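What follows is a short report on a single structure.
Convention: sequence-line order gives letters A, B, ...; per-chain numbering from 1. The structure displayed is predicted, hence computed values, not measured ones.
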Amino acid sequence: MSIAPLVRLTNITMTFPGVRALQNVSFDLLPGEVHVLLGENGAGKSTLMKVLAGAYQPDSGEIEIKGHKVRLANPQHAQQLGVSTIYQEFNLVPYLSVAQNIYLGRYPKRQAPLGFLVDHKTMREDSRKVLNSLNMDVDPASIVATLGVAQQQMVEVAKALSIDAQVLIMDEPTATLTDREIEKLFAMINRLRERGMGIIYISHRLNEVHQVGDRVTVLRDGQLVDTRDVKDLTVDQMVHMMVGRDISNMFPRTYQCPGEEALRVRNLSSARSGLKGIDLVLHTGEIVGLAGLVGSGRTELVRAIFGADPIDCGEIFLFGNRVTGLSPTQLVDKGMGLLPEDRKATGLALKLPVSENVVMASLQKLFPNSVVDLNKERTVVDKYVKDLRIATPSQKRLVQFLSGGTQQKVVMAKWLATESRVLIFDEPTRGIDVGAKAEIHDFMDRLVAQGAAVLMVSSDLPEVLGMSDRVYVMHEGAVVGEFARDDAKAERVIACAMGRAEATTQDQVQDDQSGREA
Amino acid sequence: MEQTCQPVQKKWFDRVPPVLWVLSIIIIWFAVASRGSFFTIPNFLNIAVQGSVLLILSLGATCVILTEGIDLSLGSILTLGGVIAVLAMYRGVPAIPAMLAGVASGFLCGAITGLLIARGRLPPFIATLGMSGLAAGAAVVMTNASSIYADPPAFVFFGSGRLFGVVPMPIVVAALTFGVVYVILYHTPFGHYIFSLGGNEAGAALSGVNTVLWKFMTYLMAGGLGGVAGVLMASRLHAAEPTIGLRWEFDAIAATIIGGTSFEKGRGGIRGTVLGVLLLAVMRNGLNVIGIRPVYQAVILGAVLIIAIIFDVLMKKRQEGL
């Protein structure tokens, strides 16, 4: 290759406490190319891009920008060297105008005696020039808060251009755009490419790769799989590169026939949460996995089932009784429990001791007279501490001082104490070390063996495949696939989660999908 | 182009700031209820004079609130500014340097809170609450808890004189201060950074804005404005009283919020604050003119504040077509 690369990352390694996020990853970007970065959740895409954007300092490895070796001290430094990032949450100030946002941090000043004043006129005119050069129909004087998502994104691009960025990192730019807006975005990306800009494009939507990409780099578990020309790869090959690993048999499951129907969701839709016609069923003695990419609507679905968010239509049945529209409190009474995704924010009272956290949701049940019997509390908590092997020096230890895995066990104990028979686990093992993870898996297995029903949301594909009796796959707010344990192969599930229709097993879903694929 | 940004065609009454409606209704009601003694030019000038100190203080409060902060020390800074100026004159310092010293004490207090908040990352609520105690206490100690008087001509003119024999000086001072803050807020980079601190501090930092410096500057400016307000107040009374600024910070915050500035996202501005200050000043004056007893005044004032803010919230929702 004769052209010098704009960016060259060599052997980047980066570790976070307990996790090796990147391991000897190399990456380069040529002028005038769109380089797509692919990988599962947690494969290291975002980490790699944050290294290039100056937000993280790698443990080892070299960064070269336009042929010069650099150490990026902070994001501003990267920006001065011409690397701009458009994050999913925009870096815009809502109540300033478009022009004021584009020039934020480097306002043009008026001439000498009035040198302390901002030159609004120049700023507006220059902004208009940049916006026009990108064929953007945004008025530089309009307030950013009044613009739609697509227009705000254009303002971000204009901002990057106006600081003369040659490298543009776009993190899932199409995630919140409509089809027409995506077309416009792609047209704009093409114009930027013709100007010789290098664009790094992170996306979960595989069907976009052939539309915009020149080359593609696939990461898996923090390691580089390969960098190839897009035209040499089919979508299926990309999926294989992303997944291609053995799902080891580390998940202990005792199998049994599913019992009675525990939870049924029929045609649940919610415009607010972006859920479209969800059907699913859960039996006692069953662990059902809910797979899908981040943002596919899994957490929203779980919250809707649990009555935490309103729904537009659809029905929910718990052991055959209609429970649609009940509040979380009422559902807990009826035997449902939710272990939320963010245990620190919504699952635990961090400043309270283990004992109070364990009995928190079952106070009414344990103490119907509204008087807390401390002896009884101690006995109950003791039982769960032993059962779940909660590693705490005492019941009175404050939860905030426990490790992540132990905290998660406290949350589990809380719901077990309510004697819930339908449990929803949202990311039960995220950020938990391997040992505690295995214990939690083991416990989930015992739980269903005793006749509970578990719905498990997880971004950890091996976990979903290893633990579940059945797997539902979500994509853009709809359930697009259902796999029995034996059919749930990594490639098929991930292809399905990426919105590839062929992989689904349900004919009816396939019909739904074919329209979108075309 | 435009229509994609603003799908809802706004009616003329949607462009009027909500607080103006409340203000107009109240003025008309006072005009009728007072049988003419409210609706006179001398009384309007009176209202403006009464509102001028609060306006200067509220300008500072508004800038701080735009950064998603709060300043609870403004009332105490006001007290201290007046005390220092008068005390200096009492000890024989000429009027102008003494008044400047009063203003400087405000800047000093602002610099301390600004440093604690921007550099020390203390929550604004705590840092300014502490400063409030400090400044109020210092004022009491310096005056031995009693009023002190001073009346050099320049000092008296600053608070009670009339420019060209027509316009009362407090109005002139308030108008000039408003002009300066207006230019800073809307025509200098500093002003834009104030909005960006409230709107998206992390984003501003990523765009290369020195967020620590400009946050410090915001509290510094608010403190300075408190000092100006304090000196003006003292020169109106020809005296410094050790508890004169008690609870004034709450009036300043109330005026800001009534004026449509939000505690979130750097939304609002100082034009609304002028209306908020007017609303408070008109209420106080009007209730006096029509002879409502002070105990009831507090109740009515509180109720009107709540109504004005509810009205503002409702109108904003309507204007955004939500």
Side-chain angles (χ1 to χ4, degrees), chain A residues 53-55 74-80 84-87 89-110 114-120 123 128 131-132 136-148 150-152 154 156 159-160 162-163 181, chain B residues 1-10 14 62 65-68 179-180 182-214 217 260-272 316 319-322:
Chain A
N74 52 41
Q76 285 96 301
H77 188 195
Q79 247 168 38
Q80 282 158 13
S84 259
T85 311
I86 300 176
Y87 294 101
E89 321 82 52
F90 302 137
N91 283 321
L92 297 175
V93 179
Y95 289 96
L96 285 180
S97 73
V98 170
Q100 285 166 334
N101 264 289
I102 290 177
Y103 283 92
L104 183 67
R106 49 200 178 86
Y107 290 114
K109 306 273 179 59
R110 304 245 305 244
L114 296 173
F116 58 95
L117 297 181
V118 174
D119 189 344
H120 287 291
M123 192 163 76
R128 199 184 299 278
L131 291 163
N132 283 346
M136 297 182 191
D137 17 321
V138 179
D139 178 3
S142 45
I143 298 294
V144 163
T146 64
L147 302 179
Q151 286 172 313
Q152 294 195 6
M154 290 183 176
E156 285 268 20
K159 189 172 160 184
S162 81
I163 59 173
E181 290 165 346
Chain B
M1 291 192 188
E2 292 282 291
Q3 55 269 50
T4 47
C5 313
Q6 294 171 344
V8 193
Q9 189 61 46
K10 286 189 177 179
D14 279 332
T62 305
I65 288 173
L66 281 174
T67 68
E68 286 194 347
V180 170
Y182 188 91
V183 169
I184 290 177
L185 202 53
Y186 297 106
H187 291 281
T188 67
F190 175 30
H192 292 67
Y193 298 148
I194 288 179
F195 285 99
S196 73
L197 281 173
N200 188 342
E201 190 175 337
L206 283 177
S207 308
V209 176
N210 186 342
T211 51
V212 172
L213 172 67
W214 299 115
M217 289 293 286
T261 296
S262 150
F263 273 114
E264 281 176 342
K265 297 209 172 150
R267 170 177 200 183
I270 58 171
R271 278 166 283 202
K316 261 187 204 149
Q319 289 173 3
E320 280 162 12
L322 290 171

So for [X], is it side chain, backbone, both, or neither that comes closer than 4.5 Å to the heavy atoms of chain B?
X        : answer
A/Leu114 : neither
A/Tyr87  : side chain
A/Arg110 : neither

OH-CG distance between B/Tyr193 and A/Leu96, expressed to the nearest 0.5 angstrom: 10.5 Å
For [X] against [Y], the heavy-atom pair lying closest together:
X        : Y        : value
A/Pro94  : B/Gly199 : CD-O, 3.5 Å
A/Val93  : B/Ser196 : CG2-CB, 3.4 Å
B/Pro189 : A/Phe116 : CD-O, 3.6 Å

Highest number of heavy-atom pairs under 4.5 Å with chain A: which of B/Val209, B/Thr188, B/Val183, B/Leu197? B/Thr188
Do you know which of A/Asn101, A/Leu92, A/Asn74, A/Val144 has the most heavy-atom pairs with chain B at a distance under 4.5 angstrom? A/Leu92
In terms of the angle between their ring planes, are B/His187 and A/His120 parallel, tilted or perpendicular, with boundaries placed at 30° and 60°? perpendicular
Is B/Tyr186 close to chain A through its backbone or its side chain, or both, or neither, when contacts mean heavy atoms under 4.5 Å? backbone
